[in-house]
Amino acid sequence: MKSLPLGVTSSFQHWDPYPISIVSAKGAWMTDVDGRQLLDLSMGFGAMLAGHLNPVVVEETKSALNTGMLFVTPSPISTDAAERICRRFGIDQVRFTNSGTESTMYAVRVARSATGKSDIVKVEGGYHGSYDPFVVSSKPSIDKAGDAEDPTPVADSNLVTGNVYVTPYNNPDALERIFEKHAKTISCFIVEPVLENIGIILPDAGYLERVRELCDQYGIVLIFDEVKTGLTAGHQGAAQRLGVQPDLITLAKSIGGGLTLAAFGGKKKYMDFVSNGKMAHFGTFNGNPLAMAGIRAVDKICTADALATAEAFNQQALDRITEIIEEFQLPAHTVGFGVKGCITWSVAPVRNYRDYKATDFAVAELSWLWSLNRGIITPPGLDEQWLISLAHGQKEIDILVEDFRSFAVALRS
Ligand SMILES: Cc1ncc(COP(=O)(O)O)c(C=O)c1O
């Protein structure tokens, strides 16, 4: 413990009173250091969509290991992975990285090179990894965040952010006001098509379409951060499911079967700035064979049918939990997208960060601790959602739903 700050390898892993230490995981279950079996509904924030130790991922990785670990040269396995990603997500070109943070950083660099402009617009409450400009207003305290229609960008004092404008989600008029004022210096608008770092917030009908129009009108590159949505949104990702095409897309977590892997890509006219060297993209481990084997495996496993089955289980959980909320008249509602779901502790729908901040965090924390004490791991922090992977089945859905019922009974007793 002494050698790791907070005893963890990523600050997300730390929670009070102490995090649970895991020694192994298989399918939808984990075993902790005390030998306790835990139902995993976090699934590596979505990276374990295929399930822990999915046999196809293990097989593909083992066969890659038989051929070598790192070549730092082009290789048929990386070309194959690129073609699979482009086909699936409907993009022209892709480059691989090692984390979502790297991918969002490079996507912004592409946009900056392509437009010759450097400012960024992001959504209030939107998280895109830990590159400095993205940490602006990712979870600002409301007393510093100013007007809800025209949020004040809030940055930690030690960040080097450049100009970052912050806009409320689901508010195209507010976005247009920023574009009108600053289009000459704004390179890109980065947004998760569905916000998934403050529960799940769905786009209003027409919001993303209007965002697309505004970006075209003002010459601003539209980046969809699909690090969290990706294949958890459906077999071709959120952009295709929602029918709005970004200029650039960032992917991570769900595309790699749990291997260390991410990607950025999109339209050729933007990726040409990687080819022409104006935005050279480097990285020793980019496209390493093990990670590429993860892509090949996931592409084989995550068929439309397999994901539809997981989504049907998720829908069943959402429906049954909604019934319990109604039966016990709890001030909550469920939100789902693809294979993810969450319970939001407010009666009113949540459309943006300010609505989210008005939800009941005390009950949310209680609910999370309740489940954790009963052998169910959902992501730490109250802002995440559960994930029904390809390894979850009826038994696991029943456990999730019955656990919520017991919580509802306790709340009302
Ligand atoms: C939407 C989004 N973008 C980017 C990232 C950063 O990804 P990574 O943790 O792989 O750096 C995250 C991480 O959770 C994320 O949720």
Side-chain angles (χ1 to χ4, degrees), residues 8-15 42-49 85 89 94-111 120-139 159 164 166 169 188-203 208 222-233 237-239 242 246 248-266 281 283 285-286 288 291 294-295 298 337-340 342 352-353 356 378-387:
V8 297
T9 55
S10 158
S11 294
F12 280 125
Q13 296 171 3
H14 176 75
W15 68 65
S42 166
M43 299 305 284
F45 300 126
M48 303 312 307
L49 173 65
I85 292 287
F89 291 94
V94 68
R95 271 287 179 94
F96 297 112
T97 67
N98 305 284
S99 71
T101 295
E102 257 185 273
S103 288
T104 51
M105 178 182 83
Y106 276 116
V108 164
R109 287 190 181 168
V110 170
I120 296 171
V121 185
K122 74 175 285 289
V123 163
E124 189 177 44
Y127 178 73
H128 304 287
S130 43
Y131 177 42
D132 286 16
F134 299 144
V135 186
V136 172
S137 292
S138 71
K139 296 258 161 52
L159 298 176
V164 180
V166 175
Y169 188 66
C188 61
F189 176 45
I190 183 164
V191 60
E192 284 184 274
V194 174
L195 293 199
E196 291 195 350
N197 279 288
I198 43 177
I200 300 176
I201 304 186
L202 299 168
L208 293 174
L222 177 59
I223 304 174
F224 275 179
D225 180 353
E226 290 225 38
V227 165
K228 280 203 111 174
T229 50
L231 294 179
T232 73
L242 299 169
L248 294 170
I249 185 177
T250 56
L251 295 160
K253 305 189 198 288
S254 63
I255 60 167
L259 284 109
T260 312
L261 167 74
F264 67 96
H281 163 237
F285 293 107
N286 295 350
N288 70 82
I295 290 196
V298 166
F337 187 63
V339 296
K340 289 185 172 188
C342 71
N352 56 40
Y353 180 66
Y356 163 76
T378 50
L382 308 171
D383 36 26
E384 302 274 341
Q385 51 293 131
W386 69 68
L387 177 120

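Counting starts at 1 for both ligands and their atoms, in listed order. Index from 1, following the sequence. Note that this is a predicted model, so its numbers are computed, not measured.
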Is there a side-chain contact between I223 and H128, using heavy atoms and a 4.5 Å cut-off?
no
Find out whether E384 and K228 are in side-chain contact, i.e. whether some heavy atom of one side chain is under 4.5 Å from a heavy atom of the other.
yes
Do Y353 and K139 come within less than 4.5 Å of each other through their side chains, counting heavy atoms only?
yes
May I ask you to test the I190-F134 pair for a side-chain heavy-atom distance under 4.5 Å?
yes
What residues come within 4.0 Å of ligand 1, counting heavy atoms only?
S99, G100, T101, Y127, H128, G129, E192, N197, D225, V227, K228, K253
Pairs under 3.5 angstrom only: tabulate donor-acceptor contacts from the side chains of residues 253-265 to other protein residues two or more places apart or in another chain.
{"from": "S254", "atom 1": "OG", "to": "L231", "atom 2": "N", "distance (Å)": "3.0"}

side-chain contact (heavy atoms from CB on, under 4.5 Å) with F96: of I85, L251, N288, only one passes, and it is I85
